[in-house]
Q: 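I'd like to ask you about the structure that follows.
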Amino acid sequence: MEYRFQEIEKKWQHFWKINQTYRVEETSTKPPYYVLDMFPYPSGAGLHVGHPLGYIASDIFARYKKHTGFNVLHPMGYDSFGLPAEQYAIQTGQHPAKTTQENIERYREQLDKLGFNYDWSREIRTSSPAYYKWTQWIFIQLFNSWYNPKTNKAESIDALIKEFEQQGLSAASLSALHGGIETEITPFSASEWVTFTAQKQQGILMNFRLAYLGESYVNWCPALGTVLANDEVVNGLSERGGHPVERKLLKQWSMRITAYAQRLLDGLDHLDWFDSIKETQRNWIGRSEGASVHFPLLNHEGSMEVFTTRPDTLFGVSFLTLAPEHELVNQLTTDEQRAAVATYVSTSKNRSERERMADVNTISGVFTGSYATHPFTKEPIPIWIGDYVLVGYGTGAVMAVPAHDERDYKFATHFSLAIKQVIRPSAAHDFNLGAWTEKTGTIINSDFLDGLSVLEGVQRMISAIAEHGYGSKRINYRLRDAVFGRQRYWGEPIPVYFKGDTPYLIPADQLPLDLPEVDKYLPTEDGDPPLGRATHWKFNEVYEYEKSTMPGWAGSSWYFLRYLDPTNDQCLASPEKISYWGNVDLYMGGAEHATGHLLYARFWCKFLRDIGVVPFDEPFKKMINQGMILGRSSFVYRVVGQQTFVSAGMKDGYETTAIHVDISLVNNDELDLEGFKAWRSEYKDATFLLEPSGVYLCGYEVEKMSKSKYNVQTPDELVDRFGADTLRMYEMFLGPVEQSKPWDTKGITGVHGFLKKYWRLFHLNGSFEVNETTPTKDHFKILHKTIRKIREDLDRFSFNTGVSNFMICVNELTEAKGNYREILEQLTILLSPYAPHITEEIWEKLGHEPGSLYEAAYPDFNPDYLIESDYEYPVSFNGKMRFKVTLPMVLTIEEIQAAILSKPETVKWLEGKAPKKFIIVPGKIVNVVI
RNA sequence: GCGGAUGUGGUGAAAUUGGUAGACACGCUAGACUUAGGAUCUAGUGCCGAGAGGUGUGUGGGUUCGAGUCCCUCCAUCCGCACCA
């Protein structure tokens with residue numbers, strides 16, 4: 001009887017749906033286990049074979065956990081707000097909700113064909129009001145919270161107001177608050193606070209709120225008409241669309257993620273994630289330890305604050321450099337320098353990020369004409385402006401030590417400024433060629449630091465500046481606050497309205513604030529975001545709502561919680577359900593979210609813990625990042641100026657243009673000539689120069705899958721040809737799940753053949769038949785060897801070797817003959833996570849209750865079946881394996897040695913010499929040293 | 001420049017704690033069978049060599065009885081960050 005995969009798969013997919021086989025309840029007494037896939041953005045292109053790679057792996061693992069006694073949650077949903085649907089809406093006038101709905105249906109259809117064990121009763125969509133009600137609710141909580149550095153957690157803003165009413169804000173607590181607070185505020189007393197206007201009070205509180213409206217430099221993309229987060233900008237171009245991005249000072253909603261910098265960094269240590277992702281996050285957070293030092297200004301009030309990681313080189317300072325955007329620039333510029341400074345500042349402001357990055361090596365700068373005083377030597381230090389200093393990092397000002405910093409060195413050489421050596425290098429070094437930047441050597445020319453090592457000097461200087469009140473130890477982070485407002489339509493409305501310039505929250509019981517209808521999805525004529533087009537859209541019919549919407553990452557920062565309780569309209573998820581499931585045990589998804597989604601989700605999780613919504617600090621305990629599946633593009637070669645196409649093997653003799661050709665017209669690099677002519681009208685008269693073998697061979701290249709390269713392989717087509725079970729196993733068989741690899745269907749027949757072979761084990765004589773007698777020892781051995789390997793492979797997420805081990809098992813069982821029920825039944829359970837359809841069919845034929853396979857206990861390994869009386873020893877001479885000898889396991893080392901010595905091969909390989917030494921590891925290896 | 005990862009047959013890859021390198025599969029070669037199929041089965045297949053044998057995991061070195069695996073050097077490829085003070 002033939003393996004009719006199409007019938008079988010259709011039958012069981014229908015069965016699972018009707019019987020809700022994969023529905024999950026919290027009532028189980030089994031321990032919970034939460035497996036989560038990064039939910040997809042439902043794009044118009046549908047799924048390609050790369051998408052399911054991670055879904056298949058997590059599905060196999062979820063099923064395995066189910067078989068081993070866990071109550072497994074494995075949900076799926078859609079990250080359904082986003083730019084592409086909106087761009088499409090702008091072009092076509094179609095409501096983004098409509099295209100999103102259509103795309104979701106297409107995704108669902110494709111996903112259903114692959115036999116996943118998702119509990120679809122828990123499906124969520126970030127764009128549905130019932131979902132974004134809670135995204136808005138979280139925003140409200142963030143707005144109503146501030147980060148208390150004393151308790152190191154978020155607390156209610158009301159407590160801060162109470163503190164202001166009773167004690168005001170002292171200079172001391174202001175400096176304690178400094179981490180992450182950008183805007184300058186002056187201390188005030190409790191009696192002053194109560195005299196402030198509501199507007200002024202709100203303005204002060206805005207410096208503390210975790211969701212806040214603040215002026216900051218943002219990445220502005222004129223083509224998209226919106227603000228982008230740093231991780232949405234790639235090489236100065238927008239990630240989506242590749243449009244230029246410039247810096248612009250804007251009043252924007254932001255998230256004070258910087259308050260959580262240290263906790264985000266510390267939390268990484270306990271996560272079971274790949275090192276590469278953890279390192280990328282550490283890098284992004286960019287903690288550096290150093291000191292802030294104040295240089296009193298000469299002839300001006302106040303001082304200039306710099307951040308340095310090398311306070312040990314303070315005596316080597318020969319000038320100070322300000323970022324062109326620094327607020328002191330104007331004040332410090334002397335009249336003689338004013339023209340030069342104005343020119344410089346305006347050129348560097350107009351230089352986009354991209355240009356700045358493009359020529360890192362060009363040195364530019366200008367002197368302000370002013371000086372500061374060195375805190376220790378009291379010497380005057382010139383103050384310069386240079387665009388190598390970034391306004392957003394540290395204090396936007398640096399102390400330049402040209403002798404021990406490469407950029408300062410270049411700047412000093414270029415402008416002929418002094419270079420003062422303060423460290424004697426620990427190795428030969430020529431200061432005429434560059435700076436000595438190593439943190440080794442002895443400090444010289446530095447008064448009380450002389451003779452110390454760099455590390456000692458750093459500590460000593462930090463205490464010295466603190467003692468004298470010149471500055472303090474400071475930890476600086478590269479991480480910036482996350483911009484939260486987008487000038488876009490298709491996103492969550494921010495639940496805020498304005499009285500004048502002051503924002504107020506919409507009461508939580510009035511959520512969700514629904515996305516209003518608009519006539520067009522473009523900005524208004526006055527430059528307002530699309531929401532400005534909504535008519536009669538005002539709070540209490542009076543106050544203007546906030547017109548920007550939330551960024552794409554808002555909804556995805558907490559979605560893992562909503563699956564636990566997707567229909568709750570009283571809270572984002574009930575505390576009972578949150579505490580039952582806990583955080584995600586296994587998270588599966590792409591590594592490209594390392595600094596975006598994964599950082600924001602961790603931030604919100606920590607915040608939700610601080611306010612008592614969740615009992616854990618991290619959202620995802622263990623994470624596996626699947627590799628990207630690349631496309632294999634095929635090319636034909638057209639002779640320039642003709643309709644003649646040369647086969648790849650002969651193209652060197654001609655001047656040709658390579659043209660992408662649809663991979664469905666190519667089989668094993670051979671082009672379907674008729675299909676090609678029919679593909680496009682312009683090729684209908686094409687002529688071909690063929691290989692000597694009479695075929696046209698295409699060239700190929702490995703590239704990202706994309707429509708424009710005609711290299712997209714959809715799963716549907718392969719499911720139709722080979723079945724979902726084959727595709728599932730083939731995707732796993734390709735290689736380690738975390739590795740990127742080009743897609744290639746060449747090997748799929750091997751996996752398909754394996755399933756047919758498995759099927760044949762039960763259909764030896766044409767009809768279904770199993771042997772009810774007790775299996776032989778050999779059969780038990782084959783089975784238990786496989787049980788052990790399959791379990792080990794699953795436990796270490798080695799799905800590719802799992803498939804291999806199934807193949808070996810089926811090959812051996814085919815060879816051994818004897819279709820014993822006891823063996824094949826166990827094998828069927830073992831295989832079911834990988835190939836759920838075929839195994840359900842077999843399970844039913846074996847006489848079990850349909851659908852009960854999902855609940856069956858996973859086979860246990862019994863080592864007794866693997867005990868051997870003999871072992872085939874590989875015998876090496878000087879580490880080279882020469883021959884094998886089968887010996888009883890019970891032999892002692894001496895007996896093994898005697899047995900080896902008595903072999904004729906041993907005499908041959910000794911070549912008349914006496915063995916120096918025998919290395920004998922019983923049950924493993926024999927090595928003879930000559 | 002900094003950080004992370006990866007280099008093994010014609011191809012995808014395996015070798016979990018240092019112990020028979022290349023399992024499993026594709027491809028290829030030869031053959032069988034046939035209702036001619038994207039079917040099934042048999043044998044072979046790292047490289048050099050007729051064979052005995054030699055040689056072989058990016059390069060060069062080291063530790064070890066024994067190294068794909070551990071240590072050092074260098075090279076290549078990919079990814080992330082990048083004038084970060």
Side-chain angles (χ1 to χ4, degrees), chain A residues 2 230-231 235 274-284 286-288 290 306-310 313 321 323 356-357 359-363 386-390 392-401 404-408 410-411 437 476-478 591-592 594-595 627-628 667-668 721-722 730 733-736 738-754 756-757 760 789 792-793 795-796 798 800-809 811 872-884 915-921 923-930:
Chain A
E2 218 183 316
N230 281 336
D231 50 271
N235 291 329
F274 293 161
D275 284 339
S276 56
I277 303 274
K278 294 209 260 185
E279 276 307 306
T280 303
Q281 289 211 351
R282 286 194 187 101
N283 210 306
W284 192 261
R287 178 192 153 107
S288 56
V306 302
F307 171 71
T308 178
T309 56
R310 295 295 302 276
T313 61
T321 316
R356 271 209 202 182
M357 281 193 282
D359 60 11
V360 166
N361 292 319
T362 316
I363 294 138
D387 70 1
Y388 77 93
V389 181
L390 307 173
Y393 184 78
T395 60
V398 301
M399 57 175 231
V401 184
H404 305 291
D405 181 278
E406 207 51 56
R407 291 147 314 174
D408 296 346
K410 283 185 187 154
F411 197 87
T437 57
N476 199 52
Y477 300 92
R478 202 179 67 89
E592 68 274 15
T595 53
M628 207 189 335
N667 191 16
N668 282 344
R721 270 166 61 188
F722 299 102
Y730 181 57
F733 189 59
L734 281 175
E738 68 275 11
Q739 217 167 79
S740 285
K741 49 227 153 190
W743 179 257
D744 200 331
T745 43
K746 272 186 194 159
I748 200 166
T749 53
V751 176
H752 190 62
F754 154 75
K756 282 200 253 184
K757 213 164 169 179
R760 233 177 289 130
K789 292 204 159 180
E792 280 170 0
D793 288 340
D795 288 336
R796 63 194 172 99
S798 179
N800 57 327
T801 52
V803 178
S804 299
N805 284 317
F806 280 120
M807 288 172 170
I808 293 168
C809 178
N811 288 347
E872 191 182 38
Y873 280 92
V875 181
S876 302
F877 290 78
N878 284 343
K880 280 246 168 279
M881 207 282 287
R882 295 304 184 184
F883 61 92
K884 292 178 187 173
K916 281 194 192 125
K917 201 174 171 186
F918 276 87
I919 309 287
I920 295 166
V921 185
K924 275 236 158 122
I925 197 171
V926 174
N927 189 18
V928 184
V929 188
I930 320 173

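Lettering follows sequence order; numbering is per chain, from 1.
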Q: Return the value, rounded to whole Å, for the distance between atom NZ of A:Lys924 and atom C1' of B:G66.
A: 13 Å

Q: Classify the nucleic acid contact of A:Arg882 as base, sugar-phosphate or nothing, counting any heavy atom under 4.0 Å across all strands shown.
A: sugar-phosphate

Q: Determine whether a donor-acceptor pair (one donor, one acceptor, N or O, separation below 3.5 Å) exists between the side chain of A:Asn927 and the base of B:C65.
A: yes

Q: With respect to the phosphate group of B:A13, does any side-chain polar atom (N or O) of A:Gln739 fall under 4.0 Å of OP1 or OP2?
A: yes

Q: So, does A:Asn283 get its side chain near the phosphate of B:C2, meaning an N or O under 4.0 Å from OP1 or OP2?
A: no

Q: Grab the NZ-C1' distance between A:Lys884 and B:G19 for me, whole Å please.
A: 13 Å

Q: Look through every strand shown and name the nucleotide pairing with B:U35 as Watson-Crick or G-U wobble, where both distances are under 3.5 Å.
A: none

Q: Looking across every strand, which nucleic acid part, if any, lies under 4.0 Å from A:Ser276 by heavy atom: base, sugar-phosphate, or nothing?
A: sugar-phosphate

Q: Please name the nucleotide paired to B:A43 by Watson-Crick or G-U wobble geometry with both distances under 3.5 Å, or report none.
A: B:U29

Q: Tell me the interatomic distance from A:His752, atom NE2, to B:A25, atom C1', rounded to whole angstroms.
A: 15 Å

Q: Since syn is defined as within 90° of 0, does B:G4 count as syn or as anti?
A: anti

Q: Touch check for A:Glu279, heavy atoms < 4.0 angstrom, all strands: base, sugar-phosphate only, or nothing?
A: sugar-phosphate

Q: Between A:Arg407 and B:G1, does any side-chain N or O lie under 4.0 Å from OP1 or OP2?
A: no

